[in-house]
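So that the names make sense, note that chain A is the first sequence line, chain B the second, and so on, each numbered from 1. None of the values given here were measured: they were computed from a predicted structure.
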Amino acid sequence: MSEPRSGEHPVLETHGLTIRFGGHVAVNQVSCAFRPDTLTAIVGPNGAGKTTYFNLISGQLRPTGGRVTLYGEDITALPASQRTRRGIGRAFQLTNLFPQLSVLENVRLAVQSHAGMGLNLFSVWSGHVELIERAEHYLHRVKLTERRDTLASALAHGDQRKLELAILLALDPDLFMFDEPTAGMSVDEVPVILELIHEIKSQGDKTILLVEHKMDVVSSLADRIIVLHQGELVADGEPATVIASPIVQQAYLGLAGHE
Amino acid sequence: MTRRLLSGDYPRSRMLATLLLLILAGLAFAPFAFPGTRSLDVAAKVCVFILLVASYDLLLGYTGIVSFAHTMFFGIGAYGIAIAATRLGPTWGSLVLGSLVALACSALLSLLIGMLSLRVKTIFFAMITLAVASFFAILASQLSGFTGGEDGLTYKLPQLLLPGTKLLEAPLFGVEINGRIVSYYIVFFTAAALFLALLRVVNSPFGRVLQAIRENDFRAEAIGYRSVIYRSVANCVAALAASAAGILYALWLRYAGPDTTLSFDIMIDILLMVVIGGMGTMYGAVVGATLFVIAQTYLQDLMKLASDAAAGIPLLPDLVHPDRWLLWLGILFILSVYRFPAGIVGKLRGRQ
Ligand SMILES: Nc1ncnc2c1ncn2[C@@H]1O[C@H](COP(=O)(O)OP(=O)(O)O)[C@@H](O)[C@H]1O
Ligand SMILES: [Mg+2]
């Protein structure tokens, strides 16, 4: 539908983004720009600061230094809820749902938020059939239709991950952030997720950040890879080049380093 | 029709539906079914407390907010009417003005408390509301020139609402239709309408967000709901409903004082009613308030009968002496919480 816009202005930029926990610098001076129609994979060993970097972008954490801009506008001081309203969508590494609400309701709440209907006090929720139908559509996309009336807490781990993604889809963001979406999933469930990310990518105008450990997944989906190591951005480029670089071989793939 | 009235939130239990219909019929026909000053007092108090407890359920059951300031808002409503009627005379205009000023004060105060303190942890918010409510109670008793202090205020109401005003020449179904009956029906219909409005709020898109925030406020923020705003609005709606209950109570009693509205005992009663009835169900407020107010009123009578009947038997008359009624109520409460942790409504729904 739209032409490639990789050359356009970045959707999201971080400028010298830094956060300290006590003496420990979890994200250190990370400056990076993310353009539309690009899937950027973020890799790095456990504890490198990938999830923390995500938290700084989507607003769960406030940085000790640096700025985050969305379409050139400074959003560093905005709470998470407002960043979501402006088009940043996030799926969490550790599944984070509304456990005692139904699967459908988990998604319907996200649809309702996107429709800006949260402060409607005087209509009956179940009368807004269009919201329910849209929620059902997203459940169908992650193949959870049969579980719509189950409580989220009663789902198996893999299904909870899928529900997490349905919520993300329901927010219809411009910027998708996936934090290890296939972690802990059984082999036969992984393709559903990858297929989904592929579909979003082929829409052509979305900006996608993906934290992922499986190198085959990364190299098949990513247009670009950035590497975090001990909170610092240590490599950035085409997938093939980055994967082949000594710093990745050493720092990420954990091969014995040459001192 | 029923669907719109109940906002699609049905009792979902035949037993519960029957119980609710019985309570509704009992309250709607109270002046004729239970004639007598005392029983009409009980019926009016039930109406007021259903509204008061339902508004507290919006906070505690639906949003997960623990507030001890609910009686303060109840008191603001009652004193609003009382002060207006005392100062400006017993006219409809002064009652309307007093109500409006009271509601505006409650809205402002609740939004202020909400915005300033709903970001903090539940327990701290509870402490802050406790402090504000205590301060308010002290203020009410100190400003005695204005509020009547510990004695409270007794005042006149417009002619139509006075017991001496006869509306019909002949009694209807053996009951004289006087100003008290008019007052009762004002209380009954207003409480019923506001209860249905609260039921609508908890079943609105907004009400669904409140439940999401109660479940997982971190995630609610992440999908775009600013929880402090939703909590503050819920706090404000609950405060307005509590003030409306206070207005109705002051209209009925023709008296407002610390022990009918502001006291901490009432706050505890509200908590007991919402827990006994079943939190987060709205209908729990109806069942809880009805049973509690009736028990509160008639348990003492019942115990006096038992105590007299047991005269001569050692220990027993002492145990069931009317002065021990609170002890027995406490035991009933512990048993009911132990037997039905989800309240009466939860228990009845669970049987289906
Ligand atoms: N809230 C926090 N408080 C203290 N330390 C934290 C916090 N969040 C993350 N960290 C630390 O920051 C580092 C980076 O963590 P994280 O971003 O989760 O790594 P990754 O997602 O790359 O595995 C870790 O050492 C972690 O212990
Ligand atoms: Mg992580």
Side-chain angles (χ1 to χ4, degrees), chain A residues 54-55 58-60 78-92 94-102 104-128 131-132 151-153 163-164 166-173 177, chain B residues 1-10 12 58 61-64 118-119 193-194 196-238 240-241 279-280 282 342 346:
Chain A
F54 266 23
N55 284 335
S58 55
Q60 276 74 31
L78 291 187
S81 52
Q82 289 195 30
R83 299 188 197 199
T84 305
R85 307 296 308 270
R86 286 178 186 221
I88 296 182
R90 162 97 187 263
F92 289 86
L94 300 174
T95 308
N96 202 323
L97 303 164
F98 303 107
Q100 296 305 309
L101 303 183
S102 75
L104 181 70
E105 182 63 6
N106 269 266
V107 183
R108 201 199 59 82
L109 280 162
V111 174
Q112 179 182 293
S113 168
H114 182 66
M117 296 229 334
L119 283 170
N120 182 329
L121 275 77
F122 298 110
S123 63
V124 180
W125 72 273
S126 53
H128 296 280
L131 300 189
I132 299 175
L151 290 188
S153 59
L163 179 53
E164 183 78 40
I167 292 174
L168 175 60
L169 290 174
L171 293 172
D172 189 23
M177 302 169 72
Chain B
M1 178 66 183
T2 325
R3 193 192 143 75
R4 285 197 45 187
L5 223 56
L6 300 184
S7 306
D9 187 355
Y10 296 105
R12 301 206 305 280
L58 169 66
Y62 284 86
T63 322
L118 276 170
R119 290 161 204 274
L194 291 178
L196 292 177
L198 287 174
L199 190 63
R200 172 59 62 92
V201 169
V202 300
N203 285 293
S204 68
F206 170 78
R208 303 299 272 193
V209 178
L210 296 184
Q211 299 184 51
I213 289 174
R214 178 196 66 197
E215 283 279 298
N216 185 348
D217 59 346
F218 174 86
R219 189 57 161 139
E221 287 270 349
I223 62 174
Y225 298 116
R226 190 81 200 277
S227 57
V228 63
I229 289 180
Y230 285 84
R231 286 199 177 112
S232 297
V233 173
N235 199 37
C236 183
V237 171
L240 284 174
M279 284 195 288
M282 279 293 148

(message) Any side-chain to backbone donor/acceptor pair from A/T84 onto B/A222? Under 3.5 Å, distance only.
(response) yes
(message) Counting heavy-atom pairs under 4.5 Å with chain A, which one of B/V201, B/V202, B/N216 comes out on top?
(response) B/N216
(message) Can you tell me which portion of A/S58 sits under 4.5 Å from chain B's heavy atoms? Options are side chain, backbone, both or neither.
(response) neither
(request) May I have all residue pairs that pass ring pair (Phe, Tyr, Trp, His ring centres under 6.0 Å) and include part of residues 212-236 of chain B, sequence neighbours excluded? (result) A/F92-B/F218, B/F206-B/Y230, B/Y225-B/Y230
(request) Against chain B, label A/I88 side chain, backbone, both or neither, depending on which of its atoms sit under 4.5 Å from a heavy atom there. (result) neither
(message) For residues 105-125 of chain A, which residue pairs pass the salt bridge (Lys or Arg N to Asp or Glu O under 4.0 Å) check, not counting sequence neighbours?
(response) A/E105-A/R108, A/E105-B/R208
(message) Just so I know, are the side chains of A/P99 and B/R219 near enough to count as touching, which here means a heavy-atom distance under 4.5 Å?
(response) no
(request) Supply the atom-to-atom distance A/N106 CG to B/E215 CD, rounded to the nearest 0.5 angstrom. (result) 8.5 Å
(message) Taking the side chain as everything from C-beta on, heavy atoms only, tell me whether B/I223 gets closer than 4.5 Å to A/L171.
(response) yes
(request) Go through B/V237, B/N203, B/V209 and name the one with the most non-hydrogen pairs under 4.5 angstrom from chain A. (result) B/N203
(message) Heavy-atom cut-off 4.5 Å, strictly under: side chain, backbone, both or neither for B/R3 against chain A?
(response) side chain
(request) Heavy atoms only: give me the nearest A/S123-B/P205 pair and the separation to one decimal. (result) O-CD, 3.3 Å
(message) I need the residue from A/R85, A/M117, A/Q100 with the largest number of non-hydrogen atom pairs under 4.5 Å to chain B.
(response) A/Q100
(message) Between B/E221 and A/R83 (salt bridge meaning N to carboxylate O under 4.0 Å), is one present in this structure?
(response) no
(request) Would you mind checking which part of B/A197 comes under 4.5 Å of any heavy atom in chain A, side chain (CB onward), backbone (N, CA, C, O), both or neither? (result) neither
(request) Heavy-atom pairs under 4.5 Å with chain B are the metric here; pick the option from A/P79, A/G116, A/A80, A/S126 that has the most. (result) A/P79
(message) Under 4.5 Å from any heavy atom of chain B, what part of A/H128 do you find: side chain, backbone, both or neither?
(response) side chain
(message) As an exercise, state the distance from OG of B/S204 to CG of A/N120, rounded to the nearest 0.5 Å.
(response) 6.5 Å
(message) Given heavy-atom pairs under 4.5 angstrom as the criterion, report whether the side chain, backbone, both or neither of A/L109 touches chain B.
(response) both
